[in-house]
There are 2 protein chains.
Amino acid sequence: MQDTGPYDDRLDKAFLALADPVRRSLVARLSRSSATVNELAEPFQLSKQAISKHIQVLEKAGLITRTRDGQRRPCHLAPAALEELTFWIDGYRLAAEARFRALDGVLAAMRTAPPPNKETRKEVGKDD
Amino acid sequence: MQDTGPYDDRLDKAFLALADPVRRSLVARLSRSSATVNELAEPFQLSKQAISKHIQVLEKAGLITRTRDGQRRPCHLAPAALEELTFWIDGYRLAAEARFRALDGVLAAMRTAPPPNKETRKEVGKDD
DNA sequence: CCTATAATCAACTAATTCGTTTATCAACCA
DNA sequence: TGGTTGATAAACGAATTAGTTGATTATAGG
């Protein structure tokens, strides 16, 4: 259980925030334009309090920011926070894909020139 | 609360799976090479049962696949599932960024040629 | 056959999440 | 000043999650 600092906590909150269809729908809506809580709540059958809570989850995750306009508190999407997530994901995705491509090369070589075959196992090994 | 089908459920599970530092660490580990439960559990202070549960969460989310090698059940990262997530995120991120760039243009134009200024509000409006 | 190993299942507790209802705060307006 | 509207706070219950320990399955190997 190594501690990688507050970085982990940000990712925790951001991924958790997106792990809910209502909140993802709010993100989708806000990608088109900023909006207030009432505007965001309208398409849903949920109470405005529930939407308000969802918005707070998104805000604490850094995925949205809020400003002030009289009694209204408009929400704005924070693209930079979304970019951090894709950055994290793509780092590991690309590494794995590169590894798989390398394996494809190995398998192709094995097809053209069969190996000594000292030991046959179902799994190629821990570095497939 | 619109139903977008099983697509939502996949995203729910995938984002939820990544909303945990242990599971993200497992993903990071598996991006380097496939590994068994025991190998994956070694760096953690958690019980192997706990790690096994985390792995099941990742598997049900489609983020990893499992094969068989005797008594071992090696885990393999599924880059395609990760790609789906970045695809979802980037769709909305890029839309928002494009919108912000467009707003920058509007503001630049306003600086060079001030508007009629019929009504002044702190917020530009719902389409800022 | 018997034992060891890899992994999971089952049961339980503590903590968290999601939605509701009721009440409160703050800003606008007539 | 009093009333309305936008938004949040607080308290509650149902459901889920993350961890534990102890028992169980299944394969490997002497």
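Below, chains carry the letters A, B, ... as their sequence lines are ordered, and counting in each starts from 1.
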Of the candidates D/dT8, C/dC9, C/dG19, the side chain of B/Q56 sits closest to C/dC9

Could you check whether A/S34 and A/H76, counting side-chain N and O atoms only, form a donor-acceptor pair closer than 3.5 Å? yes

inquiry  = With a 4.0 Å limit, can you tell me whether B/N38 has a side-chain N or O closer than that to the phosphate oxygens OP1/OP2 of C/dT5?
reply    = no

Looking only at C/dA7, C/dT8, D/dA7, the nucleotide nearest the B/R66 side chain is C/dT8

- Item | A/V27 reachable from A/V22 in the ILVMFWY side-chain graph, under 4.5 Å edges | yes

With a cut-off of less than 4.0 Å, is there a side-chain N or O of B/S47 near OP1 or OP2 of D/dT20? yes

CG of A/L18 to CG of A/L26, rounded to nearest 0.5 Å, is 11.0 Å

task = Would you please test A/I55 and A/R66 for side-chain contact (heavy atoms from CB on, under 4.5 Å) and show each step?
result = CA-CA 10 Å; A/I55 289 173; A/R66 312 198 66 180; 3.7 Å; yes

Of the listed C/dT17, D/dA11, C/dA7, the closest approach to the B/V37 side chain comes from C/dA7

Q) Is the backbone of A/A28 close enough, under 3.5 Å, to the side chain of A/S31 for a donor and an acceptor to pair up by distance? A) yes

Whole-Å distance, A/Q45 CD to C/dG19 C1', equals 13 Å

Quick test: give all pairs of protein nitrogen or oxygen and nucleotides 23-26 of chain D nitrogen or oxygen below 3.5 Å, distance rounded to 0.1 Å.
none

Distance col, row B/R93:CZ vs A/L63:CG, nearest 0.5 angstrom, shows 13.0 Å

Here the distance between atom P of D/dT17 and atom CD1 of B/I51, to the nearest Å, is 18 Å

Between B/E97 and A/P79, the two heavy atoms sitting closest are CG-CB, 3.5 Å

To the nearest angstrom, the NZ-P distance between B/K53 and D/dG22 comes to 15 Å

Atom CG of B/D12 and atom P of C/dT17 are separated, to the nearest Å, by 16 Å

From CD1 of A/I55 across to P of C/dC18 the rounded distance in Å is 14 Å

When rounded to whole Å, the CG to C1' distance for the pair B/L16 and C/dT17 reads 11 Å

message: With a cut-off of less than 4.0 Å, is there a side-chain N or O of A/H54 near OP1 or OP2 of C/dG19?
response: yes

Of the listed C/dG19, C/dA6, D/dA7, the closest approach to the A/L46 side chain comes from C/dG19

A/K60 atom NZ is separated from C/dT17 atom P, nearest whole Å, by 10 Å

From CG of B/L40 across to C1' of C/dT8 the rounded distance in Å is 15 Å

Among D/dT21, C/dT8, C/dA6, the one nearest any side-chain atom of B/S52 is C/dT8

